[in-house]
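First comes the structure, then the notes that go with it.
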Protein chains: 2
Amino acid sequence: MVTIYDIAKLANVSPMTVSRVINNTGNTSEAIREKVNKAIDELEYIPNSSARSLTLKESKLLTLLISDIANPFFTKLARGAEDKARELGYQLMLCNTDENIEKEKEYINVIISTGADGVLFSPANNSSSKHIKLFNKHKIPFVLVDRDIPKTKVDKVLGDNYAGTKLLLNHLFECGHKRIALINGPNNVFTAIARKEAYKEVHQLLGLTVNEELMYELHYNRNNDAEHIVMKLLNLPKNKRPTALFASNNSIAIDMVKALHALNINVPDEISVVCFDDLDPNSAINPFLTVVMQPAYDFGYIGTQLLIDRIKNNSSSNKHREVILKPEFLLRDSTKSIVDR
Amino acid sequence: MVTIYDIAKLANVSPMTVSRVINNTGNTSEAIREKVNKAIDELEYIPNSSARSLTLKESKLLTLLISDIANPFFTKLARGAEDKARELGYQLMLCNTDENIEKEKEYINVIISTGADGVLFSPANNSSSKHIKLFNKHKIPFVLVDRDIPKTKVDKVLGDNYAGTKLLLNHLFECGHKRIALINGPNNVFTAIARKEAYKEVHQLLGLTVNEELMYELHYNRNNDAEHIVMKLLNLPKNKRPTALFASNNSIAIDMVKALHALNINVPDEISVVCFDDLDPNSAINPFLTVVMQPAYDFGYIGTQLLIDRIKNNSSSNKHREVILKPEFLLRDSTKSIVDR
DNA sequence: CTGTTAGCGCGTTCAC
DNA sequence: GTGAACGCGCTAACAG
């Protein structure tokens, strides 16, 4: 391994001078800088960031800890985070918890252990609150993105689950739908809880009755039982049967549509489907689903800005910023007015 | 920050004993181990891996360096890598180069700098060969996945581009297609080069003529000019106009289909489309495209196995393993026999 | 403008 | 079975 001592020797200066040249700290004569830089190039020196972290307690490394690397929402978020990080001189690494609280804990240990300067964190579920304590204990700044952990006093970038739900339900309502099934995410995940809450509130607002028989709960990213749920819903007596499905994320929506397909149910002729979050642009061959799209990129971009602000100001000040990003309604082809039939 | 000194004090032992307990190295009495472990729990101690790396020169950290985090091929690969890494006691972090050679270089610096034990590497393009030298110079083991850099003597997990191309072209040929356009990736990316090569060879094999007018080159993951290309192809005189499109990855294929849609060209009635790599399972509402699927998960899983083998044996031995993973042909709805018309 | 010293947190080596 | 001293690569603080 090449160290500053090696280049110091080669350049005939002291290690300290090498350090100064590398970090642009303190004054160094042009002549010496050239000598040192030449030696650095010659030896292809790369600083050892472990050693640097040890003394500096800073790594210029940020970690994005998310729950599903395969979800386009999060990949876009990651792009945003990366862009902002690089703008500000940081590097971003990703850790994928796979919605698994145990993996999450392990990764947090790694993150603390390796000394990331900060974490952009989208918790797996409500049990993640334990992990928050870890961050605090070890004084590593973090920003919550997309998924809140209520009562946690940190900077946050969240979506507006109520507004999004309202946009979707309003649209369905205007299309004449009165029985709208909710296919929700796990009831221990913030966004799922918030969307269910919103679903109920908006129902009240619209004067619709909330029917427990129309509410289901699925995993956010792998559902083998979508078909099962669809069958149950369709087997309800006609006056209770839903005419529309509200899926609480894109992945669930797709699974529902697939299940409907498999059962030869036409969307939107026989049933309408909407969901939170847009589809992968890469795969929306059919710009099919009517959705509310969230500005995923901005979640990452803004979140990283907040994170770095906090790192730099080293301010565990109590002024915590909470940015709420508005969703946008995208009318496409998976919904249809009921009077058309 | 909590260090072994803190727990040493609390447990009334020497720091060295704490270290032994943590690492299960040397003998320690049961009583002391309990005391120490209790102190560790109480103080929520997490080892400082920078310090550990410094002395040990090992971090139990692997890095997956890929070019497009949004491509389902790579996300599946990442899952496989992660699973194997965890099985074997390593953690995996991701770096996304965005097909950008500059970003790639920066990330490699970070990787070397932070002391990852090894890298699973899918190079951005052929210029990445420079970066290979960096890995070698700094003696960090790496395994090439999906994209080869010819003449590089390391372990590799690659797809069979010839076999895949042949499956696809054979199918089209059997359907009666004789003019098959190639919409390829960048001509400095290994898979694109290999697929073009294969495209030509198989054409010869089938007695088809290769026409330069039918070959185009696009970026692998963002193409604004897909429509432009489609128009050019369709504007060819009828006896030169392609009856099928061979896209060299999923993303390109989707862009082509979108462009065809926009121009009101029906797939597969008016033109057939095939591609390398399956679509995101999450988004294939319409299991639409006929493709050759590669076992993406295995690329990561096997690659990580090779990588860790090499790390553990510390063997820069010359016996380099090269695993070739076979693609699988999936007949779906984007291709049609020409005689049907 | 440049060099020396000390210490970051940990594990290896060598004592006891 | 346990502890003390040293060094990993780097930089802050202090000298000169």
Side-chain angles (χ1 to χ4, degrees), chain A residues 1-37 39-40 43-61 109-117 138-140, chain B residues 1-37 39-40 43-61 109-117 138-140:
Chain A
M1 166 173 269
V2 181
T3 74
I4 48 170
Y5 289 88
D6 298 315
I7 36 184
K9 223 172 283 171
L10 185 60
N12 251 319
V13 294
S14 82
M16 196 52 231
T17 304
V18 176
S19 174
R20 285 199 185 91
V21 172
I22 293 171
N23 299 297
N24 266 318
T25 150
N27 294 332
T28 38
S29 72
E30 185 59 34
I32 283 205
R33 284 166 61 165
E34 257 179 50
K35 266 202 305 185
V36 170
N37 279 322
I40 287 178
L43 267 44
E44 297 184 70
Y45 167 76
I46 294 181
N48 180 324
S49 89
S50 292
R52 196 178 250 169
S53 293
L54 248 197
T55 43
L56 248 39
K57 274 107 180 60
E58 118 172 349
S59 63
K60 289 288 179 188
L61 227 57
N109 273 286
V110 173
I111 290 167
I112 293 172
S113 183
T114 54
D117 287 349
H138 293 273
K139 300 207 173 72
I140 158 159
Chain B
M1 166 173 268
V2 181
T3 74
I4 49 170
Y5 289 87
D6 298 315
I7 39 183
K9 226 173 281 174
L10 185 60
N12 250 320
V13 295
S14 82
M16 198 47 237
T17 304
V18 176
S19 174
R20 281 202 260 269
V21 171
I22 292 172
N23 299 300
N24 267 318
T25 150
N27 294 332
T28 39
S29 73
E30 183 59 35
I32 282 206
R33 285 167 60 166
E34 257 179 50
K35 266 203 303 183
V36 170
N37 279 321
I40 287 178
L43 266 45
E44 298 183 70
Y45 167 75
I46 294 181
N48 181 324
S49 89
S50 292
R52 194 179 255 167
S53 293
L54 249 195
T55 43
L56 247 41
K57 274 112 181 55
E58 116 172 349
S59 63
K60 290 289 179 188
L61 227 57
N109 273 287
V110 173
I111 290 166
I112 292 172
S113 183
T114 54
D117 288 349
H138 293 273
K139 299 207 173 71
I140 159 158

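If you're wondering where the values come from, they're calculated on a predicted model, not measured in any experiment. Protein chains get the first letters and strands the later ones, always in sequence-line order, with residue 1 at the start of each.
Look at B:Tyr5 and you won't find any side-chain N or O under 4.0 angstrom from OP1 or OP2 of D:dG3. Side-chain N/O atoms of B:Thr17 include none lying less than 4.0 angstrom from OP1 or OP2 on D:dT2. Under 4.0 angstrom from either OP1 or OP2 of C:dC1 there lies no side-chain N or O belonging to A:Ser29. Dashed line: the shortest gap from a side-chain N or O of A:Thr3 to OP1 or OP2 of D:dG9 is not under 4.0 Å.
Residue B:Pro15 is out of contact with every strand shown, counting any heavy-atom pair closer than 4.0 Å. Counting any heavy atom pair closer than 4.0 Å across all strands shown, B:Thr55 reaches a base atom. Residue-level contact check: B:Leu56 touches the backbone only, with heavy atoms under 4.0 Å from sugar-phosphate atoms and none from bases. In this structure, A:Asn27 reaches the bases: a heavy-atom distance under 4.0 Å links it to at least one base atom across the strands shown.
One can place CZ of A:Arg52 at 18 Å from C1' of C:dG9, the figure rounded to the nearest angstrom. In this structure, A:Leu54 atom CG and D:dA12 atom C1' are separated by 14 Å, rounded to whole Å. Between A:Asn48 atom CG and C:dC10 atom C1' the separation is 14 Å, expressed in whole Å. Rounding to whole angstrom units, CD1 of residue B:Ile40 and C1' of C:dG9 are separated by 14 Å. D:dG9 atom P lies 14 Å from atom CD1 of A:Ile22, rounded to whole Å. Between the CE atom of A:Met16 and the C1' atom of D:dG16 there is a distance of 15 Å, rounded to whole Å. Rounding to whole angstrom units, CD of residue B:Glu58 and C1' of D:dC8 are separated by 14 Å. When rounded to the nearest whole Å, the span between CG of A:Asn23 and C1' of D:dA12 equals 12 Å.
What you find for A:Asp6 and A:Thr3 is that their closest heavy atoms are OD2-N, 2.8 Å. The minimum heavy-atom distance between A:Lys60 and A:Asp117, with the atom names listed, is N-OD2, 2.6 Å. Across all their heavy atoms, A:Arg20 and A:Gly26 have their closest contact at CD-CA, 4.5 Å.
Not a single donor-acceptor contact under 3.5 angstrom links the side-chain atoms of B:Arg33 to the base of D:dG1.
Looking only at distances, a side-chain donor or acceptor of A:Ser59 sits under 3.5 Å from a matching main-chain atom of A:Gly115.
Both B:Ile32 and A:Ser50 sit near DNA chain D, but only B:Ile32 has its closest nucleotide nearer the 5' end.
For the residue pair A:Ser14 and A:Thr17, a side-chain donor N or O sits within less than 3.5 Å of a side-chain acceptor on the partner.
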